[in-house]
Number of protein chains: 2
Amino acid sequence: MLSKKTKYGLKALTFLASRKEKEPVQIAEIAKQENISQKFLESILLSLRKTGFLGSKKGKGGGYYLIKDPKEVLMTDVMRVLEGPIAMVPCVSLNFYEKCDDCPDEKSCSVNKLMLKVRDANLAVYRNSTLADLV
Amino acid sequence: MLSKKTKYGLKALTFLASRKEKEPVQIAEIAKQENISQKFLESILLSLRKTGFLGSKKGKGGGYYLIKDPKEVLMTDVMRVLEGPIAMVPCVSLNFYEKCDDCPDEKSCSVNKLMLKVRDANLAVYRNSTLADLV
DNA sequence: CTATTATCCTATAGATTTAATAGGATATTT
DNA sequence: AAATATCCTATTAAATCTATAGGATAATAG
């Protein structure tokens with residue numbers, strides 16, 4: 001299941017991308033338009049800023065704005081920041097690989113086998129999607 | 001992230017599928033071979049029996065066995081029973097559809113748009129995989 | 001018939017993760 | 001100096017997942 005954090009993050013990014021103007025948008029406005037708890041959204045936008053997707057400005061007229069062109073924002077990167085690993089098990093993860101402690105041999109593991117296919121399928125989708133495609 | 005329930009369930013199913021003999025296998029043996037908590041596995045096998053994947057026999061010489069030929073067991077069905085909906089959001093789910101309460105219009109929702117693609121990609125994998133492919 | 005074996009079933013405890021809130025600090029503009 | 005809006009950490013609340021407990025039921029063996 002997609003977490004609310006990811007859902008809200010995607011909605012906020014899309015909201016910002018849909019604005020032609022480059023002016024900062026306040027958290028309060030995004031929260032209201034997208035039906036999101038403002039405080040929760042605040043923490044999400046903060047993490048998107050710290051990971052280089054958003055810029056921010058304080059004080060009156062401040063808010064958040066996209067740093068890159070939506071066409072340049074890959075969903076693989078967005079999803080990894082918001083939702084975490086794209087793989088459903090660590091043993092097939094490209095960026096967060098970890099050996100399963102219960103599994104003696106990955107090559108002969110049925111779960112590994114299936115989840116490898118799932119990972120590839122998901123990666124294909126995310127790699128072919130940019131923020132611009134969501135607007 | 002894949003739940004342990006699903007992981008263990010898949011391993012147990014594969015274990016049973018890999019046995020040529022049709023004789024029942026005891027929970028204890030599967031648990032030991034696959035490094036799974038026996039009691040937890042017990043509840044998982046129970047649900048797989050109730051959903052028609054496994055048969056069981058009580059008493060000495062009892063245990064669980066596959067009902068269908070592994071080639072006939074589709075991963076879509078297995079995953080839905082073990083992990084739940086394949087879709088990451090209810091609004092793109094085929095079997096568990098539900099409207100998002102915060103979203104006024106699905107057609108213009110960016111999350112819906114992206115998750116529809118993800119669902120299709122995952123479905124394609126699961127529909128093309130049977131239990132026999134995991135052995 | 002009785003002892004043994006193994007599943008059946010419900011309930012619950014424990015652990016982890018997710019979602020949301022609180023409250024003040026910091027920086028910017030007017 | 002006042003108002004505005006992000007920044008940041010901590011904490012609470014809720015939900016979900018994982019695991020365990022303990023007895024009931026049914027089948028087999030002797």
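All heavy atoms count here, side chains included; hydrogens, waters and symmetry mates do not.
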How many whole angstroms separate atom CD of A/E42 from atom P of C/dA25? 15 Å
Using atom NZ of B/K39 as one end and atom P of C/dT10 as the other, report the distance to the nearest whole Å. 13 Å
In this structure, how many angstroms lie between the P atom of C/dA20 and the CG atom of A/L41, rounded? 11 Å
It should be established whether B/K60 places a side-chain nitrogen or oxygen under 4.0 Å from OP1 or OP2 of nucleotide C/dT7. no
Check every strand shown and say whether B/L45 touches a base, only sugar-phosphate, or nothing at a heavy-atom separation below 4.0 Å. nothing
C/dA20 C1' sits how many Å from A/N35 CG, rounded? 16 Å
Minimum heavy-atom separation for B/E83 to B/M1, with atom names? OE2-O, 3.6 Å
For A/D133 and B/K113 the tightest heavy-atom approach is O-NZ, 3.2 Å
On DNA chain C, check which nucleotide each of A/G61 and B/K57 is closest to and give me the residue with the more 5' one. B/K57
Test item: A/T14 side-chain N/O and A/L10 main-chain N/O as donor-acceptor pair under 3.5 Å: yes
What is the distance, rounded to the nearest whole Å, between atom CD of B/Q26 and atom C1' of C/dT5? 8 Å
Provide a list of protein-nucleic acid N or O atom pairs under 3.5 angstrom, restricted to nucleotides 15-19 of chain C.
unit_1: C/dA19; atom_1: OP1; unit_2: A/K4; atom_2: N; d: 2.8
unit_1: C/dA19; atom_1: OP2; unit_2: A/K4; atom_2: N; d: 3.3

Closest heavy-atom pair and its distance - A/I27, A/E42: CD1-CG, 3.6 Å
How close do A/K57 and A/Y65 get, counting heavy atoms only, and between which atoms? N-CE2, 4.3 Å
For the helix from C/dC1-D/dG30 to C/dT30-D/dA1, figure out the bend between the end axes, five pairs an end, and round to 10 degrees. 10°
Looking for any heavy atom pair under 4.0 Å, which part of the strands does B/K50 touch: base, sugar-phosphate only, or nothing? sugar-phosphate
If you walk 5' to 3' along DNA chain D, what is the first nucleotide with an atom under 4.0 Å of a heavy atom in chain A, and what is the last? D/dT4 to D/dC8
Which heavy atom in A/Y64 sits nearest to a heavy atom in A/L16, and how many Å separate them? O-CD2, 3.6 Å
Got more than 12 heavy atoms from elsewhere within 6.0 Å of CD, A/E106? yes
Any chance NZ of A/K22 has more than 12 other-residue heavy atoms, nucleotides or ligands included, within less than 6.0 Å? no
Please check this pair: side chain of A/N112 against backbone of A/C109, looking for a donor-acceptor N/O pair closer than 3.5 Å. no
Give a yes or no answer on whether the side chain of A/S129 reaches the backbone of A/Y126 with a donor-acceptor pair at less than 3.5 Å. no
Integer-rounded Å distance: C/dT21 P and A/I44 CD1: 12 Å
Roughly how far, to the nearest 0.5 Å, is the CZ atom of A/R80 from the CD1 atom of A/I86? 4.0 Å
Between B/L46 (CG) and C/dA11 (C1'), how many Å, whole number? 14 Å
